[in-house]
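Residue numbers start from 1 in every chain, and the chains themselves are labelled A, B, ... in the order their sequence lines are given, proteins ahead of strands.
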2 protein chains.
Amino acid sequence: MPRARLTPLSVTEAGAALIDEIGFANLSMGLLAERLGVKTPALYKHVTSQADLAHRIAVRAMAEFADAIRDAIQGRAGSDALAAGAQAMRTYVREHPGQYAAADAASRPTGPDDPIIPAVERVVASWAAMLRGYHLDSSQEIHALRMLRSVLHGFSTLEAAGGFQIDAPVDDSFTWMVNFLDRGLRDIPTGSAPVS
Amino acid sequence: MPRARLTPLSVTEAGAALIDEIGFANLSMGLLAERLGVKTPALYKHVTSQADLAHRIAVRAMAEFADAIRDAIQGRAGSDALAAGAQAMRTYVREHPGQYAAADAASRPTGPDDPIIPAVERVVASWAAMLRGYHLDSSQEIHALRMLRSVLHGFSTLEAAGGFQIDAPVDDSFTWMVNFLDRGLRDIPTGSAPVS
DNA sequence: CCTGTAAGTTAATGGCGTTAACCAGCTGTG
DNA sequence: CACAGCTGGTTAACGCCATTAACTTACAGG
């Protein structure tokens with residue numbers, strides 16, 4: 001019987017493809033083994049557990065996600081950078097819902113040398129670079145960053161989950177929302193935010 | 001041996017309490033049975049499956065969530081209503097992370113008579129009533145609603161998951177974000193949204 | 001060639017959700 | 001007050017899944 005020649009990397013990649021098809025919650029060792037033409041226990045020669053597999057998928061996904069955001073923002077500024085970055089995020093989540101869910105679930109690092117940390121930092125750095133085009137007060141940057149992350153994460157995951165039921169084009173809502181954010185960011189009162 | 005006198009309702013309520021303690025993904029029939037002082041199969045006399053239990057928890061949670069939003073908005077208008085509603089949502093998710101996750105997972109109805117439908121509709125109606133205070137163009141209401149839902153859902157779930165790592169007060173970011181939204185909503189260009 | 005190791009295999013364990021078969025406590029009737 | 005039946009519990013058993021152990025065999029280096 002010929003060998004399958006698996007590696008941690010090839011197992012992770014196959015897992016990443018599978019998780020997008022069946023959903024994060026439905027990932028199972030048996031399904032992945034079948035997909036790779038191998039019996040379930042063989043996977044444990046390359047991956048220590050299902051949690052380890054999920055984490056490897058998450059790291060890989062976060063890195064690809066960071067690349068996508070960086071590439072979209074690259075060479076643009078201000079409104080253009082915001083629109084391109086937001087669209088890149090939405091596209092990534094739509095095309096890789098399982099991997100995004102895995103990355104999201106693993107985004108709290110398990111330790112100080114968790115390889116997801118640099119990947120997360122690259123994402124944050126891209127959003128921060130994009131926001132720099134709006135010349136915000138430094139005390140407000142973190143708030144704007146958190147808002148941006150919240151709104152894009154919320155929209156993308158709700159869309160991927162089929163959460164927008166009403167019959168109105170989701171594309172239009174997304175464009176409207178990005179324009180709303182752009183307008184608000186271009187017209188921020190200076191000084192620290194007034195607390196109600 | 002005395003009987004436990006369980007009902008579908010009491011099982012659902014115990015499940016709701018448990019899911020907030022251990023998290024949506026960790027809910028198990030065995031754990032809930034133990035919590036109720038009963039053997040696992042006893043639960044199946046009141047609930048047809050774990051999926052059924054999760055769905056009942058979700059319906060209950062969505063209804064309580066709808067109440068919380070309605071009560072917060074009640075008697076307020078404009079900025080006050082937005083701030084109160086947003087805070088109510090954030091508080092609900094923080095206090096009931098498991099139930100919110102269950103409600104979120106079940107928010108796509110399984111059929112036309114799924115009891116989650118009216119609960120979801122009440123939530124939407126509250127947000128729509130709140131937005132009415134901003135006198136938006138009717139063509140833009142749905143977009144504003146989706147944005148609001150996205151941003152509050154995103155912020156709340158990220159916060160509940162411990163996603164805001166940087167050392168800056170999350171309360172301040174939330175207030176800043178709500179103010180940002182309020183400013184933007186009070187100053188919306190009329191006519192249909194410009195599409196880039 | 002041939003030997004050792006690493007990548008597969010089959011077999012076994014334990015935890016879960018679920019179902020079947022059984023039994024006992026409450027309830028409503030004579 | 002008895003007792004019959006339903007209803008809400010029990011124990012036992014099944015199948016699926018993650019994981020581990022014990023084994024075997026393909027292949028790489030000497």
Side-chain angles (χ1 to χ4, degrees), chain A residues 1-61 98-99 101-103 105-106 110-111, chain B residues 1-61 98-99 101-103 105-106 110-111:
Chain A
M1 49 191 88
R3 285 209 184 166
R5 309 210 117 279
L6 302 179
T7 65
L9 197 70
S10 70
V11 169
T12 303
E13 277 167 0
L18 181 59
I19 210 174
D20 281 335
E21 294 172 30
I22 65 176
F24 178 55
N26 298 340
L27 181 64
S28 83
M29 298 299 271
L31 230 45
L32 178 55
E34 188 183 26
R35 173 70 61 102
L36 288 165
V38 104
K39 306 295 179 183
T40 306
L43 300 180
Y44 291 83
K45 289 286 151 75
H46 309 286
V47 144
T48 68
S49 67
Q50 182 166 255
D52 177 41
L53 170 66
H55 192 262
R56 284 167 188 267
I57 293 172
V59 170
R60 198 193 104 98
Q99 289 189 62
T110 62
Chain B
M1 50 192 85
R3 284 210 186 166
R5 310 209 117 280
L6 301 179
T7 65
L9 197 71
S10 69
V11 169
T12 304
E13 278 168 359
L18 181 60
I19 209 173
D20 281 335
E21 294 173 30
I22 65 176
F24 178 55
N26 299 338
L27 180 64
S28 83
M29 298 299 272
L31 229 45
L32 178 56
E34 188 183 26
R35 172 71 60 103
L36 288 166
V38 103
K39 305 295 178 184
T40 306
L43 300 180
Y44 290 83
K45 289 288 153 72
H46 308 286
V47 143
T48 69
S49 66
Q50 181 166 254
D52 177 42
L53 170 65
H55 192 262
R56 284 167 187 266
I57 293 173
V59 170
R60 197 193 105 97
Q99 290 189 64
T110 61

Starting from the 5' end of DNA chain D, give me the residue, B:Lys39 or A:Gly30, whose nearest nucleotide shows up first. B:Lys39

Measure CG/A:Leu36 against P/C:dA7 and give the value in whole Å, please. 15 Å

Below 3.5 Å, does any donor atom in the side chain of B:Arg3 face an acceptor in the base of C:dG25, or the other way round? yes

Whole angstroms only, please: what is the NZ-P distance between B:Lys45 and C:dA24? 14 Å

Residue pair B:Leu36 / B:Ala14: nearest heavy atoms and the distance that separates them: CD2-CB, 3.6 Å

Using atom CG of A:Leu32 as one end and atom P of D:dC17 as the other, report the distance to the nearest whole Å. 13 Å

For C:dA6, does OP1 or OP2 lie under 4.0 Å from any side-chain N or O of A:His46? no

A:Gln50 CD to C:dC16 P, in whole Å, measures 15 Å

Please answer whether the main-chain N or O of A:Leu6 pairs with a side-chain N or O of A:Ser10 as donor and acceptor at a distance below 3.5 Å. no

Give the nucleotide from the list C:dT18, C:dT10, C:dG8 with an atom nearest to the side chain of A:Pro41. C:dT10

Which one, D:dT7, C:dT18, D:dT19, comes nearest to the side chain of A:Tyr44? D:dT19

With a 4.5 Å cut-off on side-chain heavy atoms, are B:Leu32 and B:Leu43 touching? yes

Of the listed nucleotides D:dG9, D:dT19, C:dA24, the one nearest the side chain of A:Ser49: D:dT19

Interatomic distance where CG belongs to A:Leu43 and P belongs to D:dC17 [whole Å]: 14 Å

Mind calculating the distance between CG (A:Leu9) and P (C:dA7) to the nearest angstrom? 14 Å

So do A:Arg56 and A:Asp52 actually touch side chain to side chain, heavy atoms under 4.5 Å? yes

Counting only side-chain N and O atoms of A:Arg5, is one of them less than 4.0 Å from OP1 or OP2 of C:dA6? no

Counting only side-chain heavy atoms from C-beta out, which of D:dC17, D:dT10, C:dT9 sits nearest to A:Ser28? D:dC17

For B:Leu31 and C:dG15, give me the distance from atom CG to atom C1', rounded to whole Å. 13 Å

Expressed in angstrom and rounded to an integer, what is the separation of B:Asp52 atom CG from C:dG17 atom P? 14 Å

With side chains defined as the heavy atoms from C-beta onward, is the minimum distance between B:Thr12 and B:Val59 less than 4.5 Å? no

